[in-house]
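Worksheet for the structure shown next.
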Amino acid sequence: MTDISQELIARVRQASHDGTALQIMGGGSKQFMGREPIGDPISLSEHKGIISYEPIELVLTARAGTSITEINSALAEHNQCLAFEPPTFDGQATLGGTLACHLSGPARPWSGSIRDHVLGIRLINGHAEELRFGGQVMKNVAGYDVSRMQAGAMGTLGIITEVSLKVMPKPAATVTIKQEMDAATAIETMNRLSGKSKPLTGACWFDNHLYLRLAGARSAVDSTVNQWQGAILEDTDTFWSMLREQQLDYFLDASSLWRFSVKSSAAHMLLEEDWLIDWGGSQRWLRGDFTADELEALAEAAGGQVSLYRGGDRSQEVFHTQSEALQKLHQRLKHAFDPNGVFNPNRLYSWM
């Protein structure tokens with residue numbers, strides 16, 4: 001156990017004794033997410049570094065404060081990558097924060113999310129105990145659900161100190177096809193093409209254009225390009241990088257930004273509004289001032305949920321309303337991991 005781990009445990013023990021709330025922080029790149037943070041900051045920015053990396057085994061273990069940029073650089077030396085394409089947010093995003101916020105990039109529907117790649121974690125709970133769940137091999141499933149449970153928990157269940165996850169080889173070839181079309185046609189096209197046995201790893205509609213990314217073996221990519229129509233995007237990496245990092249002009253607008261997670265085939269909604277559609281139709285971004293009630297009704301009709309991703313009133317609920325049964329389940333989990341309510345209270349919901 002490192003000296004920093006011991007310091008973190010001591011802080012948690014004292015906070016639990018005093019009833020003091022702790023605001024868990026890594027690189028600070030995702031402070032805009034969730035409800036307004038409260039509590040004394042407890043930083044993991046110095047709890048960083050890659051602990052082990054086995055390129056042949058496709059497994060990496062790093063401390064939670066390790067930046068995604070550092071991990072990407074280490075993997076690139078062996079022509080490997082994080083297949084779920086997490087945003088780096090100008091180099092400030094950390095591994096622990098990425099897991100806590102459950103962030104994945106354009107390849108999410110085809111390569112899985114960070115939750116699907118986590119093999120194990122170390123976690124400091126509300127009793128000031130550092131516990132280990134899962135392992136460092138893909139077939140080790142002991143405690144696996146607890147590891148995956150941290151995805152999207154926003155730090156409310158404890159302090160993630162270490163993460164083990166599987167990594168993947170980089171594709172041999174990548175090409176992007178660009179086609180002009182409206183949103184409804186794009187949704188139909190993305191769903192139809194996603195059902196084909198083709199090397200599709202990205203499908204996004206933006207500014208009246210559909211972008212389709214093909215990545216994999218050169219022969220498979222070239223064959224698909226010859227079959228599908230559209231212009232070849234000269235700088236493939238730039239578009240998908242800007243989409244992943246939320247640097248496209250769409251994301252720079254000051255309006256409130258809503259994130260829908262719905263059935264990929266759901267019909268286009270609010271036709272006159274400003275949308276960006278990603279993940280083959282299952283992740284849809286909407287800009288503008290709306291009430292949560294009206295958007296939740298739309299999301300549920302589309303088979304999913306909606307959250308206020310950025311902007312707006314962060315003192316109110318920002319995530320989709322949960323049923324009474326799910327609220328009780330969340331609260332039971334919170335009490336089991338953090339009985340004194342020390343970690344990121346109310347960050348996820350006002351009732352946690």
Side-chain angles (χ1 to χ4, degrees), residues 2 26-27 29-30 44-122 134-140 144 147-148 150-151 160-176 199-202 213-218 220-221 235-247 278-279:
T2 66
S29 63
K30 293 175 279 295
L44 277 81
S45 61
E46 295 304 316
H47 190 66
K48 59 187 177 181
I50 296 173
I51 297 171
S52 66
Y53 172 34
E54 300 293 337
I56 295 177
E57 300 295 331
L58 298 174
V59 174
L60 178 144
T61 300
R63 296 184 179 90
T66 309
S67 71
I68 296 296
T69 298
E70 179 181 344
I71 293 172
N72 285 342
S73 296
L75 295 177
E77 293 180 8
H78 297 273
N79 201 36
Q80 294 179 349
C81 64
L82 297 174
F84 54 92
E85 296 184 307
T88 65
F89 289 137
D90 294 324
Q92 300 304 306
T94 61
L95 179 57
T98 299
L99 176 58
C101 295
H102 198 201
L103 291 182
S104 303
R108 164 67 177 86
W110 299 274
S111 299
S113 68
I114 183 172
R115 180 178 58 194
D116 301 309
H117 291 75
V118 169
L119 299 171
I121 64 166
R122 286 185 182 271
Q136 293 180 301
V137 294
M138 296 182 192
K139 61 184 178 181
N140 186 335
Y144 190 59
S147 301
R148 300 177 71 178
Q150 308 308 313
I160 301 168
T161 60
E162 183 180 303
V163 181
S164 296
L165 69 170
K166 56 186 175 183
V167 300
M168 298 297 289
K170 285 186 174 180
T174 303
V175 174
T176 296
L200 185 64
T201 64
R213 182 178 61 182
L214 302 167
R218 170 61 69 181
V221 170
D235 193 351
T236 288
D237 292 340
T238 296
F239 173 78
W240 297 102
S241 173
M242 293 182 70
L243 174 62
R244 180 191 70 234
E245 301 295 335
Q246 299 171 12
Q247 293 176 342
D278 195 11
W279 292 3

4.5 Å side-chain heavy-atom contact, Thr69 and Gln92: no
Which distance, rounded to the nearest 0.5 Å, do you find between the CZ of Arg148 and the CG of Asp116? 5.5 Å
What are the two closest heavy atoms between Gly91 and Ser67, and how far apart are they? O-CB, 3.8 Å
I need the Arg63 CZ to Arg122 CZ distance, nearest 0.5 Å. 10.0 Å
For Gly26 versus Ser45, what's the shortest heavy-atom pair and its separation? O-CB, 3.8 Å
Might you work through the side chain to side chain donor-acceptor pair (under 3.5 Å) test for Thr88 and Glu245, ending with a clear yes or no? CA-CA 7 Å; Thr88 65; Glu245 301 295 335; 3.0 Å; yes
Donor-acceptor under 3.5 Å (Gln80 side chain, Pro169 main chain): no
Work out which heavy atom in Ala74 is nearest to a heavy atom in His78; give both atom names and the distance. O-CD2, 3.8 Å
From Thr236 OG1 over to Arg213 CZ, what is the distance, rounded to the nearest 0.5 angstrom? 9.0 Å
Flag side-chain contact, heavy atom, 4.5 Å: Leu82 against Asn72: yes
Residue pair Tyr53 / Ile71, side-chain heavy-atom distance below 4.5 Å: no
Spell out, as yes or no, whether a donor-acceptor pair under 3.5 Å connects the side chain of Trp279 to the backbone of Gly105. yes
Straight-line distance of Leu165 CG to Leu58 CG, nearest 0.5 Å: 11.0 Å
Can you confirm whether Ser52 sits close enough to Thr61 that some side-chain heavy atom of one is under 4.5 Å from a side-chain heavy atom of the other? yes
Positive for side chain to side chain contact (heavy atoms under 4.5 Å, CB included) with Val163, one of Ile51, Ile114, Leu60, Leu95: Leu95
Please assess Leu214 against Leu200 for the test side-chain contact (heavy atoms from CB on, under 4.5 Å), listing each intermediate value before the final yes or no. CA-CA 5 Å; Leu214 302 167; Leu200 185 64; 4.2 Å; yes
Value for OG1 (Thr201) from CD (Glu85), rounded to nearest 0.5 Å, stands at 6.5 Å
Apply side-chain contact (heavy atoms from CB on, under 4.5 Å) to Ile121 and Leu99, showing your working. CA-CA 10 Å; Ile121 64 166; Leu99 176 58; 4.1 Å; yes
Between Pro87 and Ala93, the two heavy atoms sitting closest are O-CB, 3.5 Å
May I have the step-by-step check of side-chain contact (heavy atoms from CB on, under 4.5 Å) for Thr98 and Lys30, ending in yes or no? CA-CA 9 Å; Thr98 299; Lys30 293 175 279 295; 4.2 Å; yes
Kindly compute the distance separating CZ (Phe84) from CZ (Arg244), expressed to the nearest 0.5 Å. 11.5 Å
Exercise: identify the closest heavy-atom pair between Gly96 and Ile160: O-CD1, 4.1 Å
Shortest non-hydrogen separation from Ala217 to Ala172 and the atoms involved: CA-CB, 4.5 Å
Close side-chain approach of Leu44 to Thr94, heavy-atom, < 4.5 Å: no
Return yes if some donor-acceptor pair links the side-chain N/O of His117 with the main-chain N/O of Ser113 below 3.5 Å, else return no. yes
The test is side-chain contact (heavy atoms from CB on, under 4.5 Å); show your working for Thr174 and Trp240 and say whether it passes. CA-CA 11 Å; Thr174 303; Trp240 297 102; 5.9 Å; no
List for me each residue that meets side-chain contact (heavy atoms from CB on, under 4.5 Å) alongside Lys48, sequence neighbours excluded, and say none if there are none. Glu46, Thr66
